[in-house]
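Below is one structure, written out as structure tokens, with a few remarks after it.
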There are 2 protein chains.
Amino acid sequence: MSKNQAKNQTYLAEATIHIRDHCLCLHAQRAARALARRFDDALRPHGITSGQFSLLNVLNRQEPVAMGPVAKFLAMDRSTLTANLKPLERQGLVSIEIDPEDRRSRKLLITAEGRKVLRAAVGVWKREHAALESEIGVDPEPLRAGLRAIA
Amino acid sequence: MSKNQAKNQTYLAEATIHIRDHCLCLHAQRAARALARRFDDALRPHGITSGQFSLLNVLNRQEPVAMGPVAKFLAMDRSTLTANLKPLERQGLVSIEIDPEDRRSRKLLITAEGRKVLRAAVGVWKREHAALESEIGVDPEPLRAGLRAIA
DNA sequence: CGGATATGTTTTGATATCAATATAATATTA
DNA sequence: TAATATTATATTGATATCAAAACATATCCG
């Protein structure tokens with residue numbers, strides 16, 4: 001191996017170690033996966049995933065909302081929201097209606113059944129989230145602040 | 001509406017507002033989506049996604065690693081790792097070999113081509129991550145600590 | 001009015017994710 | 001040694017994710 005090749009490999013080895021330890025994207029994906037699994041497990045008895053729980057939460061309003069603002073709030077692509085609504089609509093937990101004011105737009109509404117499921121799931125969330133916060137052993141506020149600053 | 005129905009709706013409305021503001025699972029998913037999009041964009045010229053970049057980073061070692069430890073480090077299901085390796089193997093960036101010591105196990109190795117791509121992508125990461133840290137306007141250390149505590 | 005442009009959603013195709021199950025190989029133990 | 005249990009990975013089926021392109025409707029402007 002030439003001197004330059006050796007230097008390159010050292011540079012790359014050092015860079016990858018730094019990235020493994022410091023990359024916020026990597027750390028965020030790991031945490032997101034771990035949390036999704038945890039809440040998926042906890043919510044499974046109620047027949048919804050953690051992502052569906054979050055979406056039902058967002059839709060639990062007096063007035064129906066359009067897709068754009070919901071996708072923006074969830075920091076997801078609009079087409080992802082379209083996909084995510086399908087299982088919820090099939091299960092009868094949300095309804096999607098063409099907005100008569102602007103026929104391109106859709107009004108998203110949680111159904112009575114959706115509220116029933118959400119109501120029960122909220123109890124699970126409270127238990128599980130309290131357990132999580134006590135387990136992680138760090139102040140959750142700066143963590144939340146950092147996550148908010150990113151999204 | 002009966003008094004009890006009204007109370008239920010108030011309870012649920014208050015709970016959902018609290019959850020929207022405080023759920024670490026929701027906030028982590030949002031941040032993870034936003035960061036994945038950002039680094040996917042930045043890395044696109046090099047033909048890899050943010051997740052593939054992280055995986056190449058983990059595989060950039062002297063000694064080959066088995067799938068179990070890699071999945072654990074990435075906090076992902078083993079079957080997800082199996083799936084994630086496929087595009088990288090197809091592109092010739094990693095190779096997967098049966099471990100002769102234990103024929104159930106696989107040895108994961110980054111290829112020379114993989115190192116070449118990784119090397120170029122590291123430059124992108126450095127620029128993009130520095131920009132990210134300066135943009136978020138909060139100390140990244142407590143954020144990283146919180147994310148580590150979760151995963 | 002009518003063509004160009006802009007906006008909102010859906011579709012398509014690729015990757016990502018997990019649980020459950022299956023397959024393969026090793027290790028244990030009767 | 002043979003049956004059983006354990007370990008490591010792969011497959012399957014469902015949901016999640018995004019970009020790009022398609023589609024539908026609305027707005028703008030000449």
Side-chain angles (χ1 to χ4, degrees), chain A residues 25-26 28-45 47-55 65-72 74-91 93 96-108 151, chain B residues 25-26 28-45 47-55 65-72 74-91 93 96-108 151:
Chain A
C25 185
L26 169 56
Q29 308 304 321
R30 295 202 317 179
R33 283 190 287 257
L35 289 175
R37 269 197 306 275
R38 177 177 188 144
F39 283 87
D40 282 355
D41 277 353
L43 292 169
R44 188 159 300 120
I48 56 173
T49 66
S50 57
Q52 291 169 344
F53 174 73
S54 293
L55 182 45
V65 242
M67 294 188 61
V70 173
K72 189 164 190 178
L74 294 174
M76 70 172 49
D77 196 90
R78 288 148 177 265
S79 65
T80 302
L81 180 56
T82 297
N84 291 359
L85 286 167
K86 288 193 173 167
L88 290 176
E89 193 184 23
R90 182 159 34 72
Q91 293 177 251
L93 307 185
I96 306 171
E97 294 170 11
I98 292 176
D99 180 355
E101 307 294 310
D102 180 345
R103 298 178 48 75
R104 295 170 300 185
S105 181
R106 304 286 183 269
K107 294 291 196 185
L108 307 180
Chain B
C25 185
L26 169 56
Q29 308 304 320
R30 296 204 314 181
R33 282 190 287 257
L35 289 176
R37 268 196 307 275
R38 178 178 187 143
F39 283 87
D40 282 354
D41 277 353
L43 293 168
R44 188 161 299 120
I48 57 173
T49 66
S50 56
Q52 292 169 344
F53 174 73
S54 293
L55 182 44
V65 242
M67 296 186 59
V70 174
K72 190 164 189 178
L74 294 174
M76 70 173 48
D77 195 273
R78 288 149 177 266
S79 65
T80 302
L81 179 56
T82 297
N84 290 359
L85 286 167
K86 289 195 172 165
L88 291 176
E89 192 184 23
R90 181 160 34 72
Q91 292 177 252
L93 307 184
I96 307 172
E97 295 170 12
I98 292 177
D99 180 355
E101 307 293 310
D102 180 344
R103 299 178 48 75
R104 292 170 302 186
S105 181
R106 304 287 182 269
K107 293 290 195 185
L108 307 180

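Any value given below was found using the heavy atoms of this structure, including those in side chains, with hydrogens, waters and symmetry copies removed. Here is the naming used below: chain letters follow the sequence lines, and residue numbers restart at 1 for every chain.
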From CG of B/D40 across to C1' of D/dA16 the rounded distance in Å is 14 Å
Rounding to 0.5 Å, atoms CZ (B/R106) and CD1 (B/I98) come to a distance of 4.5 Å
In whole angstroms, the gap separating P of C/dC18 from CG of A/L35 amounts to 12 Å
Side-chain contact check for B/R90: nearest option of D/dA19, C/dT15, C/dC18 is C/dT15
Rounding to 0.5 Å, atoms CZ (A/R30) and CE (B/M76) come to a distance of 10.5 Å
note: B/I98, atom CD1; D/dA8, atom C1'; distance rounded to Å ~ 12 Å
To the nearest 0.5 Å, atom CG of B/L93 lies from atom CG of B/L85 at 11.0 Å
From the candidates D/dA20, C/dT17, D/dT17, the one with an atom nearest any side-chain atom of A/S79 is D/dA20
Between B/T82 and D/dT9, is there a contact of a side-chain N or O with OP1 or OP2 at under 4.0 Å? no
Here the distance between atom P of C/dA19 and atom CZ of A/R44, to the nearest Å, is 6 Å
Whole-Å distance, B/Q29 CD to C/dT17 P, equals 11 Å
Winner on side-chain proximity to B/D77, out of D/dA26, C/dA19, C/dA16, is C/dA19
- How far apart are the C-alpha atoms of A/N84 and A/Q52, what are their side-chain angles, what is the distance that settles it, and do they pass the side-chain contact (heavy atoms from CB on, under 4.5 Å) test? CA-CA 8 Å; A/N84 291 359; A/Q52 291 169 344; over 6 Å; no
Here the distance between atom P of D/dA16 and atom CG of A/L81, to the nearest Å, is 11 Å
Strictly below 4.0 Å, N to O, side chains only: are B/D41 and B/R44 in salt-bridge contact? yes
Comparing A/E101 with B/I96, nearest DNA chain D nucleotide closer to 5' gives the residue B/I96
Considering only heavy side-chain atoms of B/T49, the closest of C/dA16, C/dT26, D/dA19 is C/dA16
Query raised in the report: With a 4.5 Å limit on heavy-atom distance, are the side chains of A/D77 and A/T82 in contact?
Result: no
Report task. May I ask you to evaluate whether A/K86 reaches the phosphate of D/dT17, defined as a side-chain N or O under 4.0 Å from OP1 or OP2? Result -> no
Rounding to 0.5 Å, atoms NZ (B/K107) and CD (B/E97) come to a distance of 10.0 Å
Looking only at D/dA26, D/dT17, C/dT17, the nucleotide nearest the B/R33 side chain is D/dT17
> Should B/S50 and B/D40 be marked as a side chain to side chain donor-acceptor pair (under 3.5 Å) after you check the CA-CA gap, both sets of side-chain angles, and the distance that decides it?
Replying inline: CA-CA 5 Å; B/S50 56; B/D40 282 354; 2.9 Å; yes
Taken to the nearest whole Å, CG/B/L85 to C1'/C/dT15 is 13 Å
In whole angstroms, the gap separating C1' of C/dT17 from CG of A/D41 amounts to 13 Å
Report task. With heavy atoms under 4.0 Å as the rule, sort A/D99 into base, sugar-phosphate or nothing. Result -> nothing
> Can you check whether A/T80 has a side-chain N or O nearer than 4.0 Å to OP1 or OP2 of D/dA16?
Replying inline: no
Testing C/dA16, D/dT15, D/dT17 for proximity to the side chain of A/Q52, the answer is D/dT15
Measuring to OP1 and OP2 of C/dT17, would you say a side-chain N or O of B/N84 lies under 4.0 angstrom away? yes
With sugar-phosphate taken as primed atoms, P, OP1 and OP2 and all else as base, the protein-contact string of nucleotides 2-8 of chain C at under 4.0 Å (heavy atoms; B, S, -) is ----BBS
